[in-house]
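Right, one structure below, let's go through it.
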Amino acid sequence: MALVTLRIVDGPERGKFFEQISTPVTIGREEGNSVRLNDERVSRFHAKIHEDNGALLITDLDSTNGTKVNGENTQLWNLRPGDLLTFGRSVMLYGSKEDIARRIQVTQANRNNGGVQMGFIQDDLNEEAVPPPVSAPMDMHATTTGILEELIFQGLDQNDMQILHILLPPPLPSGLNPRQTAELLELLQYIYLRIRYLSGSVESTDNPDRVSLSELQWQNLLDLYDRLAQYMRNITEPA
């Protein structure tokens, strides 16, 4: 049984703290939830944090407004200390100070090893924003005052939060049977071949900082982008 620590860093109940709650943890507006939020944009039973084979997962319970982790919509996510969880207007910081500090150290040491920046903190209107490159500093205007104040109070500065929003290359799943291994390999091979053909079609331009992609290959890239989005949706919402 895992123990979960959560702190509301923005929203109607900013500053409220839930420490060392035993899993499973349900989050929602209704009585009976482990974490009850006084937020009209939160569903009655919005999300659940639970264990599975040693991993701590958060699952959206088909909520009306969805669940975000580090600014990205998600149905299912492998939680890590420092993740920011958004339910309606409420934003929660997951993990103890010690666990978050350890994750910052690990991510800082590996941030240039294929890390990619996740979406940054959205404002109360949940407007979409284009995430900055990994090397770019976090935009002050992309962060609500409430979240920034609370995270500084927690001892986290803007650079820390940028680091925590970097998604490092995840490990391959373990414990797969031969059929699952073959299916995963086929999926990765398909993506690998599509990217290989796309990268092979790139042409240089007069500008050394830019390359050219044909309209056909651009459409192929958009098709791959769309297909990956469908794969992700089908994994969490199988027919």
- prompt: Taking only residues two or more places apart in sequence or in another chain, which ones pass side chain to side chain contact (heavy atoms under 4.5 Å, CB included) with T205?
  reply: N207, R210, S212
query: When you measure from the side chain of D226 to the backbone N and O of L222, does any donor-acceptor pair fall under 3.5 Å?
result: no
query: Would I195 and I191 count as a side-chain contact (heavy atoms from CB on, under 4.5 Å) if you check the C-alpha gap in whole Å, the side-chain angles of each, and the deciding distance to 0.1 Å?
result: CA-CA 6 Å; I195 294 176; I191 297 171; 3.8 Å; yes
Pairing residues for D83 by the salt bridge (charged side-chain N to carboxylate O under 4.0 Å, His left out) criterion, not counting sequence neighbours: R103
statement: Heavy-atom closest pair (A47 atom, T67 atom, distance to 0.1 Å) is CB-OG1, 4.0 Å
message: Applying side-chain contact (heavy atoms from CB on, under 4.5 Å) to E203 and V211, what does each step give before you reach the verdict?
response: CA-CA 6 Å; E203 299 178 354; V211 294; over 6 Å; no
- request: Looking only at non-hydrogen atoms, find the nearest pair between S63 and G66 and report the distance.
  value: OG-N, 3.0 Å
task: Before giving the answer on side-chain contact (heavy atoms from CB on, under 4.5 Å), spell out for D60 and T74 the whole-Å C-alpha distance, their side-chain angles and the decisive distance to 0.1 Å.
output: CA-CA 7 Å; D60 181 81; T74 185; over 6 Å; no
- request: Using a strict 4.0 Å threshold on nitrogen-to-oxygen distance, state whether E40 and R89 make a salt bridge.
  value: yes
N65 versus R41, closest heavy-atom pair with distance: ND2-O, 2.8 Å
- line: Heavy-atom nearest pair, P169 first then G115, reads CD-N, 4.3 Å
- request: To the nearest 0.5 Å, tell me how far L228 CG sits from R233 CZ.
  value: 15.0 Å
- prompt: Who are the side chain to side chain contact (heavy atoms under 4.5 Å, CB included) partners of K97, not counting sequence neighbours?
  reply: Q154
- prompt: Got R111 and Q162 here, is their nearest side-chain heavy-atom distance under 4.5 Å?
  reply: yes
query: In terms of side-chain geometry, is the basic nitrogen of R36 or E30 positioned less than 4.0 Å from the acidic oxygen of its partner?
result: no
field: Crowding at CD, E31 (>12 non-hydrogen neighbours, <6.0 Å)
entry: no
statement: Residues passing the side chain to side chain contact (heavy atoms under 4.5 Å, CB included) test with S22, sequence neighbours excluded, are M1, L3
- request: Please collect all side-chain hydrogen bond (donor to acceptor under 3.5 Å, both in side chains) contacts where either partner lies in residues 181-201, sequence neighbours excluded, each pair once.
  value: R179-E183, Y190-R194, Y190-R227, R194-D223
- request: Name all residues meeting the salt bridge (charged side-chain N to carboxylate O under 4.0 Å, His left out) criterion together with R7; count only those two or more places apart in sequence or in a different chain, and write none if there are none.
  value: E150
query: Distance from L156 atom CG to L164 atom CG, nearest 0.5 Å?
result: 6.5 Å
- prompt: Hey, does L84 have a side-chain heavy atom less than 4.5 Å from the side chain of L93?
  reply: yes
- request: Would you give the length of the straight line joining atom CZ of F17 to atom CE of M92, rounded to the nearest 0.5 angstrom?
  value: 10.0 Å
query: Linking Ile, Leu, Val, Met, Phe, Trp and Tyr through side-chain heavy atoms less than 4.5 Å apart, which residues share a cluster with L184?
result: L172, L176, L188
query: Is any side-chain heavy atom of Q117 closer than 4.5 Å to a side-chain heavy atom of I166?
result: yes
- prompt: Do you know the tightest heavy-atom contact between N110 and L168?
  reply: O-CD2, 3.4 Å
For residues 48-58, please give each side-chain donor-acceptor pair under 3.5 Å, one per line with the distance, not counting sequence neighbours.
from: H50; atom 1: NE2; to: T59; atom 2: OG1; distance (Å): 2.8
from: E51; atom 1: OE1; to: A2; atom 2: N; distance (Å): 2.8
from: E51; atom 1: OE1; to: T23; atom 2: OG1; distance (Å): 3.2

- request: Work out which heavy atom in F45 is nearest to a heavy atom in N33; give both atom names and the distance.
  value: CD2-OD1, 3.2 Å
field: Separation of I8 CD1 from S90 OG (nearest 0.5 Å)
entry: 5.5 Å
- request: May I ask you to test the V91-L85 pair for a side-chain heavy-atom distance under 4.5 Å?
  value: no
Pair listing, ring pair (Phe, Tyr, Trp, His ring centres under 6.0 Å) test, anchored in residues 86-107, at least two apart: H46-F87
- prompt: Among all residues two or more places apart in sequence or in another chain, which pass the side chain to side chain contact (heavy atoms under 4.5 Å, CB included) test with I21?
  reply: F18, V25, S34, V35
message: Who clusters with L185? Use side-chain heavy atoms, under 4.5 angstrom, across I, L, V, M, F, W and Y, and order the result by chain and number.
response: none
message: Going by the rule side chain to side chain donor-acceptor pair (under 3.5 Å), which residues pair with D99 if we only count those two or more places apart in sequence or in a different chain?
response: S96, R102
- request: State whether the side chain of Q217 and the backbone N or O of S214 hold a donor-acceptor pair below 3.5 Å, judged by distance alone.
  value: no
message: Is there a side-chain contact between Q75 and D62 in this structure, where contact means two heavy atoms from C-beta onward sitting under 4.5 Å apart?
response: yes
- prompt: Taking a hydrophobic cluster as the set of Ile, Leu, Val, Met, Phe, Trp and Tyr residues connected by side-chain heavy atoms closer than 4.5 Å, whether directly or through intermediates, do V116 and L221 fall within one such cluster?
  reply: no
- prompt: Is L61 linked to V42 within one hydrophobic cluster, defined over Ile, Leu, Val, Met, Phe, Trp and Tyr using a side-chain heavy-atom separation of less than 4.5 Å?
  reply: no
- prompt: CD1 of I163 to CD of Q108: how many Å apart, nearest 0.5 Å?
  reply: 4.0 Å
- request: Quick one: pull up NZ in K68 and CE in M118 and give me the separation to the nearest 0.5 Å.
  value: 11.0 Å
